[in-house]
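Here is the structure we will look at.
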Amino acid sequence: MTTQTFVISQNTTVLTANMADPVLKNASSILQRDIQRVTTGQSAANQIVLVQVKETDQQPTDDFEIHYVDSQKVEIKATTTLGLMYGALAVSREVLGIDDFWYFMDTPMKKSPTINWTDFSQHLPDFQTKYRGWFVNDELLLTGWADHDSKDYVWDRIYETLLRVGGNLIVPGTDKESRFHRAGAQAMGLIIAHHHAEPLGAEMFARVYPNLEASYLKYPELFKKIWRDSILAQRGHTVVYGLGFRGQGDRPFWLDDPTHTWTDEEKAQVINDTIKLQYDMVQELDPGAQCSVSIYGELTGLFNESLLKLPQDVIEIWADNGYGKMVSRRQGDDDPRSPVLTIPNKAKRARGIYYHVTFHDLQASSFLTLLLNSPHFVAEEIAKVRAAKMDTLELINVGNVKPHVLFIREIARSWRRDYQVRSETDIIQEYVAHYYSEAQSEISGIYQAYFKAPIQYGLHDDQKAGDEFATYLIRKVVKAWMGHYPQLEAMNWLTGNVALDEQLTKVTQLIDTKYAAWDQLYRRAVQVYADIMAKQPQRLFYNDMLLGIAVHACSLHALWATISAYRHYQQAEIVHAFLGADEAVRANDEILRLRRDNPSPKWVDFFHNDAYSNVALNATKLRRLRSYLRVLGDGPDEDQWERQYLMEPSDARVMLLSNTHLALSDDQIAKKLREQLIDEP
């Protein structure tokens, strides 16, 4: 039997009969691009054709088939345009060898003159999860960064990557960003979903009516108009409409109405009435569209009290706590950790999850770096979700994507029906073997050590301190110190309601449990980076792991040094307090230096708009503290420390010398004082 062979070369053309359809246009364009990237030679001209076939009487699916017609033609067939997109991407991955995360991992593409395509059995994987999606949330890094001088180019690669791993649903950003990027996501074939704080994907009331109080109770007709306009703008595309009402932004509506003490029954009545109104609007304007309700935050308690009345055919979406554990989220000092997976489904509704591999909570979450609860921990939690039949829809909060690929990739695999939870070692070793061409054992060791290094700030296994822990605490310590406040602001959840001195003692005790581990891991990572010989894996390791480790290790060092400086200040040892603040400055600056020295031109400014953890702001705050301490201790002309510690005694006693040169800068005198008071043999 003659082997069917289709030779892919620079002369292969990707076509579709309906290039006016944006999804088909994008699918053919991506596959054509990839053929041009991996082939270098010429062969007989031939065609790959994307063919949308008429739907049969059976329920349409997004599966596709590939038909070898002859050496001049191969057809990719599907009943949906999304199916054809999946087919084109399957050829890119399985025939051309292009990795799903090529854009974010800078994966090398193996080039050859031509490619002989002989296996045409590619199909869409058997997915257990019907709606498989990402929420690109808290996307500050992405909004502050552009590749190819184009933000649209970056977002197109986000959509492409999600589709490559089998996703079909997206919340394309937050607030204004989500509406701006909606059309681009739809043009790639993705279903649109909505942020739980943005019902129906509508504009925020305060943006439309900035001079009015954002109160549904006062202005119901204006809210209804916003919701109706949003539905009208989206119908005609596949949308999972998010129903609900929290108020203006991501907070309960009753917090903005101090004139009334709300009972749970009253809260539920407003929410129930609003959800029914929204549901009826959707069914009127976009009949048959799928709807969902996020049982998130305060709605969890109302649901458990059987106070919520929801339409039968909505999907209930339940959330983890932001740290990967399927329990209710902590709200400030209140952390009931109400279980989610065991909540009875008395109504027999379809259920899904909103799950974080990255989170922003101004307290202890992982925003810039990999989640600190391990990939095995996450895989087991997702397996529990499936066992609880809560996997109809899985919306994964992927943040800014780039720092979180290890987890994003593993969860995408879990959408398949045949997924099996793997050990920690297996997950990491497979990941490293796939992406790194050398030093695999050493690099695997770094990844495994990363998940052993975090501070355990609470009693539960998921309560691990992410990169926001130290970065936020630094600013809180500086404010409490310089403002002479009795406590760190909003930190009772960590330390209890105690005075500043005791709070700092507790924080120091936590730091001491893992300070050495992070310091050692950072040193190991620097050495591994130096030992990697090839440019591509070295750049990848720098951005995928080294920078993240540095954020943890250096910000923890800066926090420790700041508290140490405060202890010297309490003992009136101002010069040593100054040097402690200087140590904090230098530790924090190490993170900024590593960002500036990023060996990858593509990613060098990716973290520039880090406005949450905000390492650059910490640099300002710590310098301000250092300068404040010098003002306190170095006299009005800032020359006393120079006389006391740096000058020869005979020179120091000649008062006229104060006029012979300018006062040393904070950096200069700190360096000289370190040499005399700390580094001296």
Side-chain angles (χ1 to χ4, degrees), residues 93 99-107 125-129 132 134 161-162 164-167 320 322-326 353 355-359 366 368-387 391 394 396-399 401-454 456 461-462 464 466-467 517 521 524-525 528 532 537 540-549 552:
R93 177 178 56 255
D99 181 66
D100 289 337
F101 288 90
W102 67 268
Y103 179 73
F104 292 100
M105 301 297 279
D106 300 315
T107 315
D126 184 13
F127 288 112
Q128 166 83 13
T129 305
R132 310 171 295 275
W134 292 352
T161 307
L162 173 56
R164 282 180 171 276
V165 299
D320 73 307
Y323 294 75
K325 188 71 174 177
M326 291 302 298
I353 61 167
Y355 192 86
H356 298 77
V357 298
T358 175
F359 192 42
S366 296
L368 294 173
T369 67
L370 282 171
L371 182 71
L372 286 161
N373 288 309
S374 72
H376 177 69
F377 172 97
V378 168
E380 283 194 317
E381 205 68 9
I382 294 296
K384 294 174 187 175
V385 167
R386 177 174 292 186
D391 58 348
E394 293 188 9
I396 311 304
N397 189 321
V398 298
V401 185
K402 170 63 176 170
H404 316 291
V405 171
L406 173 62
F407 287 97
I408 295 170
R409 185 172 180 263
E410 190 64 22
I411 289 181
R413 292 181 168 208
S414 77
W415 292 334
R416 302 186 183 200
R417 199 175 303 276
D418 61 357
Y419 178 75
Q420 297 292 322
V421 176
R422 297 181 291 167
S423 71
E424 184 84 0
T425 299
D426 286 347
I427 293 173
I428 290 174
Q429 287 185 348
E430 184 274 332
Y431 176 85
V432 171
H434 185 81
Y435 285 112
Y436 291 93
S437 58
E438 60 176 283
Q440 292 175 357
S441 176
E442 294 81 0
I443 293 171
S444 293
I446 294 292
Y447 280 86
Q448 292 187 48
Y450 178 88
F451 297 108
K452 295 180 175 63
Q456 186 83 31
D461 58 350
D462 57 286
K464 294 182 171 65
D467 56 79
L521 181 57
R524 282 177 60 192
V528 168
I532 299 173
L540 175 60
F541 181 74
Y542 194 99
N543 284 283
D544 200 46
M545 183 50 76
L546 177 59
L547 277 177
I549 291 172
H552 284 285

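Source: prediction; values computed, not measured.
- Going from atom CD of Glu410 over to atom OG of Ser374 covers 10.5 Å, rounded to the nearest 0.5 Å.
- Contact annotation: the side chain of Trp102 approaches that of Arg164 to within less than 4.5 Å [non-hydrogen atoms, C-beta and beyond].
- Side-chain atoms of Asp461 and Phe377, non-hydrogen and from C-beta on, do get closer than 4.5 Å to each other.
- Contact between Tyr355 and Gly324 at its shortest, heavy atoms only, is OH-O, 2.7 Å.
- Between the Glu424 side chain and the His376 main chain, a donor and an acceptor come within less than 3.5 Å of each other.
- Minimum heavy-atom separation, Ala379 to Ile427: CB-CD1, 4.5 Å.
- For the atom pair CD1 of Ile396 and CD1 of Ile408, the computed distance is 9.5 Å after rounding to the nearest 0.5 Å.
- A salt bridge is defined here as a Lys NZ or Arg NE, NH1 or NH2 lying under 4.0 Å from an Asp or Glu carboxylate O, and Glu394 with Arg386 fails to meet this definition.
- Shortest non-hydrogen contact noted between Ile446 and Ala525 is CD1-N, 3.8 Å.
- Here the CG-CZ distance, from Asp391 to Arg417, works out to 9.0 Å after rounding to the nearest 0.5 Å.
- More than 12 heavy atoms of other residues, nucleotides or ligands shown are found within 6.0 angstrom of CZ on Arg93.
- Screening residues 370-382 for salt bridge (charged side-chain N to carboxylate O under 4.0 Å, His left out), with sequence neighbours left out, gives Lys325-Glu381, Glu381-Lys384.
- The two residues Leu372 and Gly466 have their closest heavy-atom pair at CD1-CA, 3.5 Å.
- By the ring pair (Phe, Tyr, Trp, His ring centres under 6.0 Å) test, Tyr431 pairs with Tyr435, Tyr447, sequence neighbours left out.
- For the pair Pro125/Trp415, no side-chain contact is recorded, criterion being any heavy-atom separation below 4.5 Å from C-beta on.
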Thr369 vs Tyr450, side-chain contact (heavy atoms from CB on, under 4.5 Å): CA-CA, chis, key distance, verdict:
CA-CA 11 Å; Thr369 67; Tyr450 178 88; 3.4 Å; yes
Let's go through Leu540 and Ile532 carefully: what are the C-alpha distance in whole Å and the side-chain angles of both, what is the deciding distance for side-chain contact (heavy atoms from CB on, under 4.5 Å) to 0.1 Å, and is it a yes or a no?
CA-CA 10 Å; Leu540 175 60; Ile532 299 173; over 6 Å; no
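- The line from CG of Leu371 to CG of Asn397 is 11.0 Å long, rounded to the nearest 0.5 Å.
- Counting heavy atoms from C-beta on, the side chains of Ile443 and Met545 never come closer than 4.5 Å.
- Of the possible polar contacts, one joining the Asp320 side chain to the His356 backbone as a donor-acceptor pair under 3.5 Å is found.
- Nearest heavy atoms, Ser437 versus Pro537: OG-CG, 3.6 Å.
- You'll find the side chain of Arg409 stays beyond 4.5 Å of the side chain of Val165, heavy atoms only.
- Taken from CG in Asp544 to CG in Leu370, the straight-line distance is 6.5 Å, to the nearest 0.5 Å.
- Ring pair Phe101/Trp134 is parallel by interplanar angle, where below 30° counts as parallel and above 60° as perpendicular.
- The minimum heavy-atom distance linking Asn373 with Val378 is given by the pair O-CG2, 4.1 Å.
- Annotation: the span from Gln440 atom CD to Ile428 atom CD1 amounts to 13.5 Å, rounded to 0.5 Å.
- Here Glu430 pairs with Arg413 in a salt bridge; the nearest charged N to carboxylate O distance falls below 4.0 Å.
- Within the 4.5 Å cutoff, the side chain of Arg416 has no heavy atoms near those of the Gln128 side chain.
- Proximity of Asp467 to Ser366: side-chain heavy atoms (C-beta onward) are separated by under 4.5 Å at one or more points.
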